[in-house]
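Scroll down for the structure; my scribbles are underneath it.
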Amino acid sequence: MEEKHFTCIVCPIGCEIDVKLNNGKIISVSGNKCPRGKEFVLQEIKNPLRVLTTTVRIENGEYAMLPVRTDRPVPKSKIFDIMREISLIRAKAPVKMYDVIARDICGTGANVIATRSMRRKEK
């Protein structure tokens with residue numbers, strides 16, 4: 001029998017959840033204070049997902065970097081591949097919040113979107 005410990009990241013409570021597995025099958029889940037904690041653990045065991053938040057370079061913007069995120073969770077196993085792809089992106093000002101900066105990043109179905117607007121730099 002295998003035991004795993006998780007800290008739930010779904011809500012601010014941060015439940016400490018313990019899972020017992022037998023040959024990869026869940027035997028018990030304890031410590032979650034709501035059903036979302038159990039759902040989180042089941043997802044973490046099958047295929048952990050994360051919303052990726054980072055920055056991209058932007059040309060002619062008020063600032064050199066534009067904050068971005070994926071518009072949906074992506075497989076945790078692809079985070080480094082996605083970051084490599086994002087490091088090659090150069091956005092161009094002006095950009096509006098929620099504009100798509102990159103579509104279907106690394107074949108995940110997730111788009112990279114701007115999380116703020118950026119005006120063109122005044123000359």
Side-chain angles (χ1 to χ4, degrees):
M1 181 153 0
E2 181 183 6
E3 294 185 19
K4 291 192 174 195
H5 181 79
F6 297 88
T7 301
C8 183
I9 60 173
V10 175
C11 76
I13 295 172
C15 296
E16 299 293 324
I17 303 173
D18 293 306
V19 179
K20 290 183 182 175
L21 301 149
N22 190 5
N23 294 325
K25 294 184 181 180
I26 297 171
I27 303 301
S28 70
V29 177
S30 62
N32 55 303
K33 294 182 171 73
C34 72
R36 293 182 298 171
K38 185 174 181 180
E39 290 170 21
F40 167 75
V41 168
L42 295 175
Q43 183 65 51
E44 280 296 291
I45 289 170
K46 286 191 309 186
N47 180 25
L49 300 172
R50 299 290 185 274
V51 171
L52 178 60
T53 305
T54 188
T55 56
V56 298
R57 297 188 193 288
I58 185 163
E59 297 174 4
N60 300 321
E62 294 175 289
Y63 303 104
M65 303 298 282
L66 175 71
V68 297
R69 69 172 172 82
T70 55
D71 63 356
R72 67 190 60 148
V74 295
K76 190 175 174 185
S77 62
K78 289 202 166 209
I79 295 284
F80 289 109
D81 295 333
I82 294 168
M83 285 301 295
R84 263 190 297 282
E85 189 72 25
I86 286 175
S87 72
L88 303 173
I89 295 172
R90 301 293 182 264
K92 293 183 181 177
V95 172
K96 291 184 181 168
M97 188 183 304
Y98 305 119
D99 278 357
V100 175
I101 305 303
R103 293 193 184 284
D104 188 23
I105 193 82
C106 292
T108 61
N111 298 317
V112 176
I113 60 170
T115 58
R116 71 162 288 170
S117 295
M118 180 87 62
R119 293 184 299 213
R120 190 180 306 270
K121 181 172 34 178
E122 300 284 331
K123 293 184 182 185

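- In this structure, I26 CD1 and L21 CG are separated by 6.0 Å, a value rounded to the nearest 0.5 Å.
- Between P75 and T108, the shortest heavy-atom contact is CD-CG2, 4.2 Å.
- A salt bridge does not link D81 with K78: every distance from a Lys NZ or Arg NE/NH1/NH2 to an Asp or Glu carboxylate oxygen is 4.0 Å or more.
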Please output the side-chain donor-acceptor pairs of residues 13-20 that fall under 3.5 Å, not counting sequence neighbours, one pair per line with the distance.
unit_1 : atom_1 : unit_2 : atom_2 : d
E16    : OE1    : H5     : NE2    : 2.4
E16    : OE1    : T7     : OG1    : 3.2
E16    : OE2    : T7     : OG1    : 3.2
D18    : OD1    : H5     : ND1    : 2.7

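- Taking CG of N47 as the start and CG of L42 as the end, the distance is 12.5 Å to the nearest 0.5 Å.
- Within a 6.0 Å sphere centred on CZ of R90, heavy atoms belonging to other residues, nucleotides or ligands number more than 12.
- The number of heavy atoms from other shown groups lying within 6.0 Å of CZ (R57) does not exceed 12.
- For K92, the side chain to side chain contact (heavy atoms under 4.5 Å, CB included) criterion is met by E59, not counting sequence neighbours.
- With sequence neighbours excluded, no residue satisfies side chain to side chain contact (heavy atoms under 4.5 Å, CB included) with K46.
- Atom CG of N23 sits in a sparse spot, with 12 or fewer heavy atoms from other residues, nucleotides or ligands closer than 6.0 Å.
- Around atom CZ of R116, more than 12 heavy atoms belonging to other residues, nucleotides or ligands sit under 6.0 Å away.
- Considering CD of E62 and OG of S117, their distance stands at 9.5 Å, rounded to 0.5 Å.
- Note that the CE atom of M65 and the OG1 atom of T55 stand 3.5 Å from one another [nearest 0.5 Å].
- Between atom CZ of residue R84 and atom CG of residue L88 there is a gap of 10.0 Å, rounded to the nearest 0.5 Å.
- Note that CZ of F40 and CG of L49 are 10.0 Å apart. Values are rounded to the nearest 0.5 Å.
- Taking a 4.5 Å side-chain heavy-atom cut-off between Ile, Leu, Val, Met, Phe, Trp and Tyr, the cluster of V112 extends to L52, V56, I58, Y63, L66, V68, V74, I79, I82, M83, I86, I89, V95, I101, I105, M118.
- Taking the side chain to side chain contact (heavy atoms under 4.5 Å, CB included) definition, one finds that R72 meets it with A110, sequence neighbours left out.
- When the side chain to side chain contact (heavy atoms under 4.5 Å, CB included) test is applied to P94, the partners found at least two apart in sequence or on another chain are R120.
- Taking all atoms of both residues into account, the shortest heavy-atom contact from G61 to A93 is CA-CB, 3.6 Å.
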